[in-house]
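These notes are about the structure you will find just below.
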Amino acid sequence: MDTSQILLEIDHLTKKFGDQTILQDVSFQVRKGEVIVIIGPSGCGKSTMLRCINALEEIQGGEIRVDGETVNAAGGNVRSADLARLRQKIGMVFQSYDLFPHLTVLDNITIAPLKVQKRNKAEIEQEAMQWLERVGLADKAKSFPRELSGGQKQRVAIVRALCMHPEVLLFDEVTAALDPEMVREVLDVMLDLAKQERTMLIVTHEMAFARAVADRVLFIDSGNIVEEGKPADFFTHPATERAQKFLHTFEFEAVK
Amino acid sequence: MPDLGLEVLFKGKNAVRLLGGLWIALRISLISVLISIPLGILLGALMTWKNPVMRAILRVYLEFIRIMPQLVLLFLVYFGTTRAFGWDLSGEVASVIVFSLWGTAEMSDLVRGALQSIPVHQYESAAALGMNRVQTYLYIIIPQTIRRLIPLSINLITRMIKTTSLILMIGVVEVLKVAQQIIEANRMASPNAAFGIYLTVFILYFLACWPISLLAKYLEKRWK
């Protein structure tokens with residue numbers, strides 16, 4: 001493996017809430033341009049893992065590095081100035097969109113590039129509008145989040161993350177709170193990003209989407225990576241019994 | 001139409017005296033509001049700290065002021081402390097002290113509530129975008145807190161204005177006291193003046209509080 005291409009390293013990550021171990025000694029690496037889909041039963045720690053990657057959670061063991069720089073480590077000795085800088089390399093989209101309700105769609109997108117990265121206002125607004133156009137929301141630029149549907153909010157949240165020019169994007173069950181007909185519009189945006197060779201870590205329960213978008217699938221159960229592989233192999237012949245059982249929960253037998 | 005004794009209003013300087021009384025009530029509440037708001041914001045922010053000692057002290061202060069009827073607080077400051085410590089307080093100063101203590105306590109609880117009602121996701125979203133603590137508060141948390149706070153604090157202001165009607169009990173000649181004096185002075189000539197004059201006082205309070213109340217409603221709607 002060409003190590004110069006490694007963007008993100010999860011190195012012996014252990015995460016506990018009190019006495020309860022959520023993630024136990026998890027290690028993997030993400031190469032530039034790679035799309036990794038993380039699946040597993042609910043409560044297996046996959047969302048927590050994404051939150052550890054951009055240091056929204058303290059970790060109890062191991063280290064996480066982006067571009068070779070430590071962003072989160074056991075003991076939490078990352079300087080807050082470094083953390084703010086490194087987080088700009090890691091875009092994150094949450095399940096509950098979490099747009100800022102007091103700002104318009106456009107301001108939601110431009111506030112961080114403007115205030116954090118001190119970029120030129122006209123340039124960011126132009127970029128934001130291009131993205132909004134691309135995700136079909138140019139006419140909503142002046143709207144407030146409360147005026148948008150869930151799917152529209154989630155697309156705005158994705159654009160907001162993109163306009164920071166992150167090197168890797170984390171998606172935490174971004175379609176889980178959406179009505180079924182809105183899931184597609186959000187997944188289409190993500191497929192489009194995958195085509196542009198963006199580096200992405202996606203936690204999802206949409207198996208058909210996972211299969212279409214992933215370069216690599218990680219199956220996590222009880223805080224460990226149980227199986228990892230190419231989507232074609234993983235979804236057709238999962239090697240472990242636990243993965244077989246998990247995938248089986250998405251199938252239905254005819255009852256009539 | 002029954003005789004309301006409204007003609008008393010136009011005798012001598014009675015109307016002007018009533019307005020003067022209203023001004024005293026408004027002045028005391030406005031000074032107290034100006035003191036309460038910054039102090040309340042400060043204490044409210046401190047209440048969200050995790051320090052248990054700080055929280056306990058502020059909690060005791062808040063509960064003490066809340067449980068105590070305002071009239072008892074006024075008596076305590078005006079009659080109690082002046083005897084006990086031998087200082088000299090005018091009724092107006094005592095009123096400002098009590099109303100500021102009360103306003104600060106209520107305001108701090110509103111600020112605490114508004115700060116705590118901002119979901120943790122808002123902090124996390126801001127952090128994920130690379131904002132530091134100061135930027136998060138400046139651009140994300142404080143603007144949302146203020147939007148939640150302004151309608152609530154405006155309601156507090158109208159409550160304070162209305163509660164100034166108690167300060168006649170410690171000898172401050174505010175609008176209600178002036179009204180009583182006018183009624184007393186005209187007891188023989190216009191025995192019905194009580195109705196007309198108190199009606200006027202009602203209208204004056206209404207005119208003072210209603211626009212403030214409307215503003216609160218307007219802001220609430222606009223920022224919903």
Side-chain angles (χ1 to χ4, degrees), chain A residues 47 50-51 53-57 66 71-72 79-103 107-119 144-147 153 156-157 159-166 168-172 177, chain B residues 37-38 40-41 44-46 48-52 107 110-156 215-224:
Chain A
S47 288
L50 287 195
R51 294 169 54 82
I53 290 175
N54 71 353
L56 290 176
E57 299 283 348
V66 61
V71 63
N72 198 359
R79 285 178 50 227
S80 60
D82 287 333
L83 186 56
R85 180 175 54 83
L86 291 170
R87 272 177 173 154
Q88 294 173 43
K89 299 186 178 195
I90 308 170
M92 180 148 182
V93 186
F94 298 86
Q95 180 179 333
S96 48
Y97 347 116
D98 303 320
L99 298 180
F100 304 128
H102 62 298
L103 299 176
D107 290 337
N108 258 280
I109 298 168
T110 56
I111 187 141
L114 205 61
K115 303 296 182 185
V116 178
Q117 296 178 328
K118 318 271 186 221
R119 277 154 57 195
F144 282 91
R146 62 174 180 274
E147 297 162 326
K153 283 187 223 182
V156 173
V159 171
R160 182 172 70 174
L162 284 168
C163 283
M164 290 296 283
H165 302 161
V168 52
L169 282 162
L170 313 178
F171 293 89
D172 184 11
Chain B
I37 286 180
I41 290 173
L46 290 179
T48 64
W49 280 19
K50 295 204 174 71
N51 184 332
M107 188 70 198
L110 296 179
V111 170
R112 180 197 56 79
L115 274 174
Q116 287 176 346
S117 72
I118 306 290
V120 67
H121 288 136
Q122 291 288 313
Y123 294 86
E124 291 184 345
S125 270
L129 287 166
M131 291 193 191
N132 60 32
R133 246 180 117 76
V134 174
Q135 289 165 335
T136 302
Y137 274 92
L138 205 56
Y139 303 121
I140 308 302
I141 305 303
I142 292 176
Q144 291 186 52
T145 309
I146 289 176
R147 279 169 170 74
R148 284 170 202 222
L149 205 53
I150 284 186
L152 298 173
S153 43
I154 287 178
N155 284 333
L156 177 62
L215 180 67
K217 252 188 213 139
Y218 167 76
L219 291 176
E220 207 163 354
K221 224 182 204 163
R222 205 183 129 186
W223 283 338
K224 205 168 176 181

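No hydrogens, no waters, no symmetry mates; every other heavy atom, side chains included, goes into these values. None of these values were measured; they are calculated from a predicted model.
- Ranked by heavy-atom pairs shorter than 4.5 Å toward chain B, the options Gln117(A), Arg160(A), Lys89(A) are led by Arg160(A).
- Counting only distance, with no hydrogens or angles, the side chain of Gln88(A) and the backbone of Ala128(B) share no donor-acceptor pair below 3.5 Å.
- The minimum heavy-atom distance linking Ala127(B) with Arg87(A) is given by the pair O-CD, 3.0 Å.
- Side chain of His102(A) to main chain of Tyr139(B): a donor-acceptor pair is present (N/O by atom type, distance under 3.5 Å, no hydrogens or angles).
- Using a distance-only test at 3.5 Å, with no hydrogens or angles considered, a donor-acceptor pair links the side chain of Gln135(B) to the main chain of Lys115(A).
- The CZ atom of Phe100(A) sits 5.0 Å away from the OG atom of Ser125(B) when rounded to the nearest 0.5 Å.
- Contact count versus chain A (heavy atoms, under 4.5 Å) is highest, among Ile140(B), Asn132(B), Leu138(B), for Ile140(B).
- Between Leu129(B) and Met164(A) the shortest heavy-atom distance is O-CE, 3.0 Å.
- Proximity to chain B (any heavy atom under 4.5 Å) is restricted, for Asn54(A), to the side chain, taken from C-beta onward.
- There is no contact between Leu86(A) and chain B, counting heavy-atom distances below 4.5 Å.
- When heavy atoms are compared at a cutoff of 4.5 Å, Arg51(A) approaches chain B solely by way of its side chain, counted from C-beta outward.
- Within the 4.5 Å cutoff, side-chain heavy atoms of Ser96(A) are placed close to those of His121(B).
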